[in-house]
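Because the structure is a prediction, the values reported are computed rather than measured.
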Amino acid sequence: WEVIDAASTTPYGFMPFCPGPGLGGHCLPIDPLYLSWKLKTLHYNTRFIELADDVNTGMPRHVVERVTEALNAHRKAVNGSQILVLGVAYKRDVNDVRESPAFEIIETLMSKGGCVSYHDPYVPHLAHDSFALDSISLDEAALSASDCVVMVTDHSTYDWEWIATHARLVVDTRNALRDVSAAQAEVVKL
């Protein structure tokens, strides 16, 4: 994050690409793979596209590893922990969950025995192959009852200062808490 901030001070020709929990959406994450497939039929190797896809598809697993490490540092296992996921849409301020990394994150945490709930102001219900959940109310009780809060989508409606005041442990996958000054919560970045 510091390198991206430093690079963004250049007065020209800079476009930031920020790390996150994985890609989502219906076109941009998938379209380069179609190009790669087509070029393979013409005997061209698109190593860079495939490498980018490997990194991007591995990010939800990396988020789960960060959650596991953060809980372990607090002498807790994922199994039995109360985990609150904030934001399940694939990008900020939309209700679109197509290909959202939240699906794999939630599913993997549940498979490890985590008691997962979520809040998303734009997505009241979330259904996937192995689970169906309803968005819970985001209040002080929900935050303080959570062993870990996993910030997946950084909706602009979230009050990060308030969240960091009432949560104990936050895994921030979008650097949303960067400007929070008095965080009571321990913040683990991606």
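In this structure, His62 and Leu190 have side chains that are in contact, with non-hydrogen atoms separated by less than 4.5 Å. Val123 places none of its side-chain heavy atoms less than 4.5 Å from the side chain of Thr153. In this structure, the side chains of Leu126 and Ile106 come closer than 4.5 Å at one or more pairs of heavy atoms. Two residues are said to be in side-chain contact when any heavy atoms from C-beta on lie closer than 4.5 Å; Phe103 and Val97 meet this criterion. For the pair Pro19/Ile4, a side-chain contact is recorded, criterion being any heavy-atom separation below 4.5 Å from C-beta on. Contact of the Arg61 side chain with the Ile105 side chain is not registered, since no non-hydrogen atoms from C-beta on lie closer than 4.5 Å.
A side-chain N or O of Glu107 and one of Ser130 form a donor-acceptor pair less than 3.5 Å apart. Looking only at atom types and distance, the side chain of Asp120 has a donor-acceptor partner in the side chain of His155 under 3.5 Å away.
The cluster map of Ile, Leu, Val, Met, Phe, Trp and Tyr, joined by side-chain heavy atoms under 4.5 Å apart, puts Val188 and Leu143 in different clusters. Under the 4.5 Å side-chain heavy-atom criterion for grouping Ile, Leu, Val, Met, Phe, Trp and Tyr, Leu133 is connected to Val64 within one hydrophobic cluster. When the side chains of ILVMFWY residues are joined at heavy-atom separations under 4.5 Å, either directly or via intervening members, Val170 and Val67 end up in two distinct hydrophobic clusters. Val116 and Val152 end up in the same hydrophobic cluster when Ile, Leu, Val, Met, Phe, Trp and Tyr side chains are linked at under 4.5 Å.
Proximity of a side-chain donor or acceptor of Ser36 to a complementary backbone N or O of Ile49 within less than 3.5 Å is not detected. Without hydrogens or angle criteria, Thr41 side chain to Lys38 main chain gives a donor-acceptor distance under 3.5 Å. Judged purely by atom type and a 3.5 angstrom limit, Ser81 has no side-chain atom pairing as donor or acceptor with the backbone of Ile83. In this structure, Asp147 contributes its side chain and Gln82 its backbone to a donor-acceptor pair below 3.5 Å. Side-chain atoms of Arg174 do not come within 3.5 Å of backbone N or O of Gly20 as any donor-acceptor pair. A donor-acceptor pair under 3.5 Å is formed between the side chain of Asp93 and the backbone N or O of Ser156. Side chain of Asp159 to backbone of Trp162: a donor-acceptor contact under 3.5 angstrom is found. The backbone N or O of Ala7 sits nowhere less than 3.5 Å from a side-chain atom of Thr10 that would complete a donor-acceptor pair.
With sequence neighbours excluded, the residues that form a salt bridge (Lys or Arg N to Asp or Glu O under 4.0 Å) with Arg66 are Glu69.
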In sequence, state the C-alpha distance, the side-chain angles, and the governing distance for Gln184 and His166, and then conclude on side-chain contact (heavy atoms from CB on, under 4.5 Å).
CA-CA 7 Å; Gln184 187 173 339; His166 298 292; over 6 Å; no

Output, in order, the C-alpha distance, side-chain angles, deciding distance and verdict of side-chain contact (heavy atoms from CB on, under 4.5 Å) for Leu169 and His74.
CA-CA 9 Å; Leu169 174 63; His74 286 255; 3.9 Å; yes

Run Tyr118 and Ile136 through side-chain contact (heavy atoms from CB on, under 4.5 Å) and show every step you take.
CA-CA 6 Å; Tyr118 86 94; Ile136 67 167; over 6 Å; no

Starting from the C-alpha separation in whole Å, work towards a yes-or-no answer on side-chain hydrogen bond (donor to acceptor under 3.5 Å, both in side chains) for Asn175 and Lys189.
CA-CA 7 Å; Asn175 204 26; Lys189 298 196 181 233; 2.3 Å; yes

With side-chain contact (heavy atoms from CB on, under 4.5 Å) as the test, would you mind laying out the steps for Asp154 and Trp160 before giving the verdict?
CA-CA 9 Å; Asp154 55 341; Trp160 301 114; 3.9 Å; yes

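When each of Arg92, His119, Met151 is paired with Tyr158, the side chain to side chain contact (heavy atoms under 4.5 Å, CB included) condition holds for His119 and for no other. Tested against Val150, the residues Asp172, Leu86, Val63 include a single side chain to side chain contact (heavy atoms under 4.5 Å, CB included) partner, Val63.
The neighbour count for Phe48 CZ, taken as heavy atoms of other residues, nucleotides or ligands under 6.0 Å away, does not exceed 12. A 6.0 Å sphere centred on CD of Glu161 holds more than 12 heavy atoms belonging to other residues, nucleotides or ligands. Atom CZ of Phe131 is surrounded by more than 12 heavy atoms from other residues, nucleotides or ligands within 6.0 Å.
Salt bridge annotation for Glu186-Arg168: absent, with no cationic side-chain nitrogen under 4.0 angstrom from a carboxylate oxygen. The pair Asp5-Arg178 meets the salt-bridge criterion, since a charged nitrogen lies less than 4.0 angstrom from a carboxylate oxygen. Salt-bridge check for Lys40 with Glu50: passed, with a basic side-chain N closer than 4.0 Å to an acidic carboxylate O.
A distance of 12.5 Å separates OG of Ser100 from NZ of Lys91, quoted to the nearest 0.5 Å. From Ile163, atom CD1 reaches atom OG of Ser146 across 11.0 Å, with rounding to the nearest 0.5 Å.
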